[in-house]
Every structure is written in C-alpha cells, then in structure tokens.
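Side chains included, hydrogens not; waters and symmetry mates left out as well; all remaining heavy atoms used. Residues: numbered from 1 along the sequence shown.
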Amino acid sequence: MPYLECRNLKYDYPTFHLDMDFSVEKGEFICVIGPSGSGKSTLLSLIAGIKDPDGGSIILNGRDITSLEIRKRRIGMVFQDFSLFPSMDVERNIQYGMKDMSESEKHAEVGRLLDMVDLAGYEKRQVHELSGGEAQRIALVRAVAAKPRMLLLDEPLSALDAPLRKKLRTPIRQIHEQTGI
C-alpha cells in the first residue's frame, strides 16, 4: 500500500487546471519538477491542507485526509520564503511545533537538530541576524522538530546561490535518512 496517494486530485484556477494521480511509497524521496506556474506549490498546498481540492482525494498511510484539518495531518512544510517568526529567536522558532516535551527536552532537541545542519550555538540568534542559508536550515529543522509524518519542501533552495544550494542538499538528505520522514 502506498504511503501517499493522490487520486484524481483537482484544483481549478481561472487560467489553470490541476489534475493529478500519483502515489509515493514510505521512505521515498521524490521531486516534482515543472516550469513556474505549473502547479507544484498548489499540489503541495493541497497535500498539506493549506488549500482544499476541487475534487479527488488525498490518502496518507491508508487514511483519507482530504477534509482533515491542517493541524491534524501532521505534515511539515518548508516554504521558499522560510516563514520564520521574526519576533522569536532561533530556539523559539524551532520549539514552536514541539509538543509533549519538557523545556529541558526541547532545549536538548533544538541542540541536536541544529547540530544536524551545522548551526550549533545559534539558539539565541535573532531571525534578522541570519543569512539566507542559515534561515533556510532553521526553517527545515523547525519543520522536522514537530515530528511530521511527511515533509514537503516548496523550492527550499531556489532563493540561494549555487554553492549554498549544493551545500544544503546534504543536510536535507541526512535529515531524510536519520528521521525517516
């Protein structure tokens, strides 16, 4: 049984029609490729529950989640623009989605996650002090910290220069391998 299935998934814009059928196996790492405006971000927003489809269904681990509210889906999403909270330091940004943990457990987990992306010691940095690559890695570990069942990345490297894009591929792959998300 596939881990994720999109069956006859539809979404209509005035000048664009998305119609998709596909499945993803557990543990698979896939990329959706297409030109700007082809529906990649829309597809991810439908799976995450940010947008409601005009038809079809989304099945996650055998359960129809098409009309399940976003917070109950447990799907993490990292946006191209990072979407960090400017009023919170790095540690609080990462802890935002952590549930059922003591403060000391949260602090330790933040340290472990920052270590995974070579940002150990950044806990008290403010968002405005981060470079683009640092902000992107913080957004990535913040999504992972919530322990999602699936992680969706919406062009997470496109706003970065080529050397940094290449450098960040490794932590993304390592997070995938180490967490099983």
*Asks:* Tell me if a side-chain donor or acceptor on E28 pairs with a main-chain N or O of K26 at a distance below 3.5 Å.
*Replies:*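 Side chain of E28 to backbone of K26, a donor-acceptor pair under 3.5 Å: no, none is there.
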*Asks:* Is there a donor-acceptor pair closer than 3.5 Å between any side-chain N or O of N93 and the backbone N or O of M88?
*Replies:*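 Confirmed, N93 side chain pairs with M88 backbone.
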*Asks:* Checking S45 against Y11: is there a side-chain donor and acceptor pair closer than 3.5 Å?
*Replies:*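 Per modelled atom types, Y11 and S45 side chains form no pair under 3.5 Å.
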*Asks:* Between R142 (side chain) and G97 (backbone), is there a donor-acceptor pair under 3.5 Å?
*Replies:*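 The answer is no, because no donor-acceptor pair under 3.5 Å joins these two groups.
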*Asks:* Classify the ring geometry between F29 and H176 as parallel (under 30°), tilted (30 to 60°) or perpendicular (over 60°).
*Replies:*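 Perpendicular: the ring planes of F29 and H176 meet at over 60°.
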*Asks:* Counting only N and O atoms by type, is there a donor-acceptor contact under 3.5 Å from the side chain of K51 to the main-chain atoms of T42?
*Replies:*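 No, because the side chain of K51 does not come within donor-acceptor range (under 3.5 Å) of the backbone of T42.
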*Asks:* Taking side chain as C-beta onward, heavy atoms only, is E5 less than 4.5 Å from S23?
*Replies:*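 Touching, per the 4.5 Å side-chain cut-off.
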*Asks:* Between R137 and M116, is there a donor-acceptor pair closer than 3.5 Å when you use the side chain of the first and the backbone of the second?
*Replies:*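 No.
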*Asks:* Using modelled atom types only, decide if a donor and an acceptor are shared between the side chain of R73 and the backbone of T66 within a distance under 3.5 Å.
*Replies:*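 Yes, R73 side chain to T66 backbone: donor-acceptor pair under 3.5 Å.
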*Asks:* Please check if any side-chain donor atom of S57 sits under 3.5 Å from a side-chain acceptor atom of D64, or the reverse.
*Replies:*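 Judged by distance alone, the side chains do not pair up.
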*Asks:* Using every non-hydrogen atom in the two residues, find where E69 and R71 come nearest and quote the distance to one decimal.
*Replies:*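 Taking every non-hydrogen atom into account, OE1-NE, 3.0 Å.
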*Asks:* Just wondering, more than 12 heavy atoms not from K166 lying within 6.0 Å of its NZ?
*Replies:*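 12 or below, so no.
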*Asks:* Above 12 or not: heavy atoms from other molecules or residues under 6.0 Å from OH of Y96?
*Replies:*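 Check fails, neighbour count at 12 or below.
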*Asks:* Within the structure provided, determine whether L18 and L46 are in side-chain contact (heavy-atom separation under 4.5 Å).
*Replies:*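 In short, these two side chains touch, coming nearer than 4.5 Å.
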*Asks:* State plainly whether the residues E109 and K106 are in salt-bridge range, i.e. N to O under 4.0 Å.
*Replies:*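 So E109 does not pair with K106 through a salt bridge.
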*Asks:* Got a donor-acceptor contact below 3.5 angstrom from the D21 side chain to the N8 backbone?
*Replies:*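 Judged by distance alone, yes, a pair lies under 3.5 Å.
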*Asks:* Does the side chain of V110 come within less than 4.5 Å of M98's, by heavy atoms?
*Replies:*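 M98 vs V110: side chains touch.
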*Asks:* Which pair of non-hydrogen atoms, one from I138 and one from I94, has the smallest distance, and what is that distance?
*Replies:*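 Between these two residues, the closest heavy atoms are CG2-CG1, 4.2 Å.
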*Asks:* Are there over 12 heavy-atom neighbours, none belonging to H17, within less than 6.0 Å of that residue's NE2?
*Replies:*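 Counting other residues, nucleotides and ligands, NE2 of H17 exceeds 12 neighbours.
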*Asks:* Can you confirm whether K72 is buried at NZ, in the sense that more than 12 heavy atoms of other residues, nucleotides or ligands lie under 6.0 Å from that atom?
*Replies:*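 No, NZ of K72 has 12 or fewer neighbouring heavy atoms, counting only those of other groups under 6.0 Å.
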*Asks:* Of all the heavy-atom pairs spanning L153 and L140, show the shortest one and how long it is.
*Replies:*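 Shortest heavy-atom contact: CD2-CD1, 3.8 Å.
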*Asks:* Under 4.5 Å between any side-chain heavy atoms of V90 and E123, yes or no?
*Replies:*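 Contact flag for V90/E123 side chains = no.
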